[in-house]
*Asks:* 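Below is the structure I would like to discuss, written out as structure tokens.
None of these values were measured; they are calculated from a predicted model.
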Amino acid sequence: MQVIHTNVASGNKINDWSKVIPEPYLEKLKSRLKRPGKLGDKLNNYQTALLKLTPAEQNRILKAFNEQNNIALLLACQCDCEAITDLPLAIREPVQILFKYAFEIITDIEIRHKQYHIIYESIPSHVCPFCGYEKFDALGIGSRYEALDHYLLKDLYPFAAANLLNLVPMGYKCNSLYKHTKNILYRTDGTRRRSFDPYNKHEIVKISLDNSEPFAGNSGTLGEPLPRWEINFNSYSEEISTWDEVFCIRERYVRYLDAEFISWVTAFGKKCQRKNIPNSEQELVNVIEDYASDFELDGFGEQAFLKVAVFRMLYIHCKNGNQRLISFLMNKVNPRSIA
Ligand SMILES: [Zn+2]
């Protein structure tokens with residue numbers, strides 16, 4: 001891109017693209033430069049459109065190209081960029097077509113494939129890093145890859161559409177149902193916001209349900225009162241707010257907890273029945289505490305991070321003498337005791 005712009009700025013036109021493709025990539029791209037309708041033609045179209053613009057417009061386009069690829073700084077709100085819709089009309093379509101094709105090429109020459117494998121292997125629990133509970137399909141013959149999300153939207157920031165730092169494996173729900181076409185850089189009111197950079201180390205967000213209230217929430221499928229969930233994060237930052245807003249985290253966790261709560265406490269009861277049934281309130285409190293601690297070892301596997309938070313909340317309420325909750329759980333660990 002830089003070479004095209006430098007040439008165009010000095011009144012030159014590139015006719016042989018193989019002369020400007022960097023050596024390490026030439027072999028893989030060579031055939032695409034000559035075939036009609038492929039890379040060569042798409043670069044020609046970009047160059048032709050660029051030549052018709054003023055030097056100021058050309059500079060503005062190159063600036064947008066560089067800034068859209070400043071992904072870490074954009075996510076940290078340390079720089080801004082123009083979207084494609086801010087640029088001269090004549091260049092928009094050639095850019096969209098060229099970079100859509102570039103994205104297809106990184107699939108064809110298996111760069112995406114390699115990237116996906118590296119990331120999959122680096123997540124021990126193989127869950128979606130955005131929600132923590134959508135399980136990634138196991139890798140193997142015939143397995144399906146999870147979506148590779150364009151973290152900065154490709155329709156607005158096409159210059160970054162083939163940048164690996166902008167391509168993030170994400171579970172289907174996070175990608176298609178929640179993030180979808182939301183702009184990670186801007187709130188709906190048009191103000192800028194900071195976001196987590198998936199490729200830069202950042203804090204692991206922990207959740208606490210300690211302030212939830214047993215029996216004060218929605219009704220379960222059998223009409224039983226569920227807890228009123230209050231989800232707190234271990235710290236407050238703009239990145240956490242953006243993540244919550246874009247991926248609807250709190251809202252989804254509440255629905256998930258409502259759906260799973262009874263089965264989780266039933267499983268807890270069954271485990272107690274098999275091992276040792278607590279005979280006193282104090283024993284019950286101790287058993288719940290141990291049960292929560294065991295889940296901590298599982299990290300993000302099997303929704304363990306949510307189970308830890310649920311059983312820690314139950315532990316706190318039982319320890320504080322919530323008699324209704326104690327009876328409810330005693331009934332789960334030893335149904336005969338109530339009968
Ligand atoms: Zn997810």
*Asks:* So which atom in Tyr46 and which in His5 form the shortest heavy-atom distance, rounded to 0.1 Å?
*Replies:* OH-NE2, 2.7 Å
*Asks:* So, for Gln58 and Val8, which heavy atoms are closest and what is the spacing to 0.1 Å?
*Replies:* NE2-CG1, 3.4 Å
*Asks:* Verify whether one side chain among Thr54 and Glu57 offers a donor that lies under 3.5 Å from an acceptor in the other.
*Replies:* yes
*Asks:* Please list all pairs passing the ring-ring contact (aromatic ring centres under 6.0 Å, His included) test where one or both residues lie in residues 203-230, with sequence neighbours left out.
*Replies:* Phe215-Phe328, Trp229-Phe261
*Asks:* Any salt bridge between Arg193 and Glu245, counting N to O under 4.0 Å?
*Replies:* yes
*Asks:* So, the side chain of Tyr291 versus the backbone of Cys272: is there a donor-acceptor pair under 3.5 Å, distance only?
*Replies:* no
*Asks:* Working to the nearest 0.5 Å, report the span between CG of Asp41 and CG of Leu98.
*Replies:* 11.5 Å
*Asks:* Show me the side-chain donor-acceptor pairs of residues 294-304 shorter than 3.5 Å, one per line, residues at least two apart or across chains.
*Replies:*
residue, atom, partner, partner atom, Å
Gln303, NE2, Tyr256, OH, 3.3

*Asks:* Check for a donor-acceptor pair, side chain of Asn7 on one end and backbone N or O of Val3 on the other, with a separation under 3.5 Å.
*Replies:* yes
*Asks:* Apply side-chain contact (heavy atoms from CB on, under 4.5 Å) to Phe311 and Trp264, showing your working.
*Replies:* CA-CA 9 Å; Phe311 285 93; Trp264 288 355; 4.3 Å; yes
*Asks:* Would you confirm whether the ring centroid of Tyr253 sits within less than 6.0 angstrom of the ring centroid of Phe305?
*Replies:* yes
*Asks:* Nearest 0.5 Å, please: how far is CG in Leu29 from CD1 in Ile109?
*Replies:* 5.5 Å
*Asks:* Calculate, to the nearest 0.5 Å, the distance between atoms CD1 and CD1 belonging to Ile123 and Ile118 respectively.
*Replies:* 12.0 Å
*Asks:* Between Phe196 and His202 (judged by ring centroids, cut-off 6.0 Å), do the two rings come close enough to count as a pair?
*Replies:* yes
*Asks:* Tell me whether Arg192 contacts the main-chain N or O of Leu74 through its side chain, where contact means a donor paired with an acceptor under 3.5 Å.
*Replies:* yes
*Asks:* Any donor-acceptor pair under 3.5 Å linking the side chain of Lys154 with the backbone of Asp149?
*Replies:* no
*Asks:* Measure the spacing between SG of Cys174 and CD of Glu146 and express it to the nearest 0.5 Å.
*Replies:* 10.5 Å
*Asks:* Would you say Leu152 and Tyr186 are hydrophobically clustered, going by side-chain heavy atoms of ILVMFWY under 4.5 Å?
*Replies:* yes
*Asks:* Say whether, by atom type as modelled, one donor and one acceptor occur between the side chain of Asn334 and the main chain of Met330 under 3.5 angstrom.
*Replies:* no
*Asks:* Keeping Ser195 on the side-chain end and Ile184 on the backbone end, is there a donor-acceptor pair under 3.5 Å?
*Replies:* yes
*Asks:* What are the two closest non-hydrogen atoms of Ala72 and Asn200, and how far apart are they?
*Replies:* CB-ND2, 3.8 Å
*Asks:* Is the ring pair Tyr116/Tyr145 parallel, tilted or perpendicular, if the boundaries are 30 and 60 degrees?
*Replies:* parallel
*Asks:* Strictly below 4.0 Å, N to O, side chains only: are Asp108 and Lys28 in salt-bridge contact?
*Replies:* no
*Asks:* Quick check: closest heavy atoms across Thr266 and Lys332, and the distance to 0.1 Å?
*Replies:* OG1-NZ, 3.7 Å
*Asks:* Quick one: do Ile288 and Phe268 satisfy side-chain contact (heavy atoms from CB on, under 4.5 Å)? Show the steps, please.
*Replies:* CA-CA 8 Å; Ile288 299 171; Phe268 164 72; 3.6 Å; yes
*Asks:* Which heavy atom in His317 sits nearest to a heavy atom in Ser212, and how many Å separate them?
*Replies:* NE2-O, 2.8 Å
*Asks:* Is it true that Phe103 and Leu156 fall in one hydrophobic cluster, defined by side-chain heavy atoms closer than 4.5 Å?
*Replies:* no
*Asks:* For the backbone of Phe99 and the side chain of Lys42, can you confirm whether one donor and one acceptor N or O come within less than 3.5 Å of each other?
*Replies:* no
*Asks:* Taking the basic N atoms (NZ, or NE/NH1/NH2) and the acidic carboxylate oxygens, is any pair closer than 4.0 Å for Arg252 and Glu134?
*Replies:* yes
*Asks:* Report yes if some heavy atom in the side chain of Asn175 is under 4.5 Å from a heavy atom in the side chain of Leu148; otherwise report no.
*Replies:* no
*Asks:* Locate the shortest heavy-atom distance separating Pro214 from Leu325; write the atom from each residue and the value.
*Replies:* CG-CD2, 4.0 Å
*Asks:* Taking NZ, NE, NH1 and NH2 as the nitrogens, is one of them in Arg255 or Glu251 under 4.0 Å from a carboxylate oxygen of the other?
*Replies:* yes
*Asks:* Would you say Val127 ends up clustered with Val205 if hydrophobic residues are merged whenever their side chains have heavy atoms under 4.5 Å apart, either directly or through other cluster members?
*Replies:* yes
*Asks:* Do Arg112 and Thr107 pair up side chain to side chain, a donor and an acceptor below 3.5 Å, judged on atom types alone?
*Replies:* yes
*Asks:* Is there a side chain to side chain donor-acceptor pair (under 3.5 Å) between His150 and Tyr157 once you walk through the steps?
*Replies:* CA-CA 9 Å; His150 282 94; Tyr157 312 105; over 6 Å; no
*Asks:* So does Ile231 get a backbone contact from the side chain of Arg250, meaning a donor-acceptor N/O pair under 3.5 Å?
*Replies:* yes
*Asks:* For Asn166 and Asn163, run side chain to side chain donor-acceptor pair (under 3.5 Å): C-alpha distance rounded to whole Å, both residues' side-chain angles, the deciding distance at 0.1 Å, then the answer.
*Replies:* CA-CA 5 Å; Asn166 190 35; Asn163 185 333; over 6 Å; no
*Asks:* I need the Ile106 CD1 to Gln115 CD distance, nearest 0.5 Å.
*Replies:* 7.0 Å
*Asks:* Output the distance between atom CE (Met1) and atom CG (Asn66), rounded to the nearest 0.5 Å.
*Replies:* 9.0 Å
*Asks:* Judged by modelled atom types alone, do Asn211 and Asn232 share a side-chain donor-acceptor pair under 3.5 Å?
*Replies:* yes
*Asks:* Tell me whether Arg187 is salt-bridged to Glu238, with the criterion being a basic N under 4.0 Å from an acidic carboxylate O.
*Replies:* yes
*Asks:* Kindly indicate, with the supporting measurements, whether the criterion side-chain contact (heavy atoms from CB on, under 4.5 Å) is fulfilled by Lys13 and Gln47.
*Replies:* CA-CA 8 Å; Lys13 198 176 161 199; Gln47 182 175 246; 3.3 Å; yes
*Asks:* Does Ser263 reach the main-chain N or O of Glu260 with its side chain, forming a donor-acceptor pair under 3.5 Å?
*Replies:* yes
*Asks:* Do Tyr151 and Ile71 have side-chain heavy atoms sitting under 4.5 Å apart?
*Replies:* no
*Asks:* Before giving the answer on side-chain contact (heavy atoms from CB on, under 4.5 Å), spell out for Glu67 and Asp80 the whole-Å C-alpha distance, their side-chain angles and the decisive distance to 0.1 Å.
*Replies:* CA-CA 7 Å; Glu67 286 173 347; Asp80 284 309; 6.0 Å; no
*Asks:* So does Asp16 pair up with Lys19, basic N to acidic O under 4.0 Å?
*Replies:* yes
*Asks:* Is the backbone N or O of Tyr178 less than 3.5 Å from a side-chain atom of Lys182, with the two atoms forming a donor-acceptor pair by type?
*Replies:* yes
*Asks:* Let me know which of Gln68, Arg60, Lys63 forms a side-chain hydrogen bond (donor to acceptor under 3.5 Å, both in side chains) with Glu82.
*Replies:* Arg60
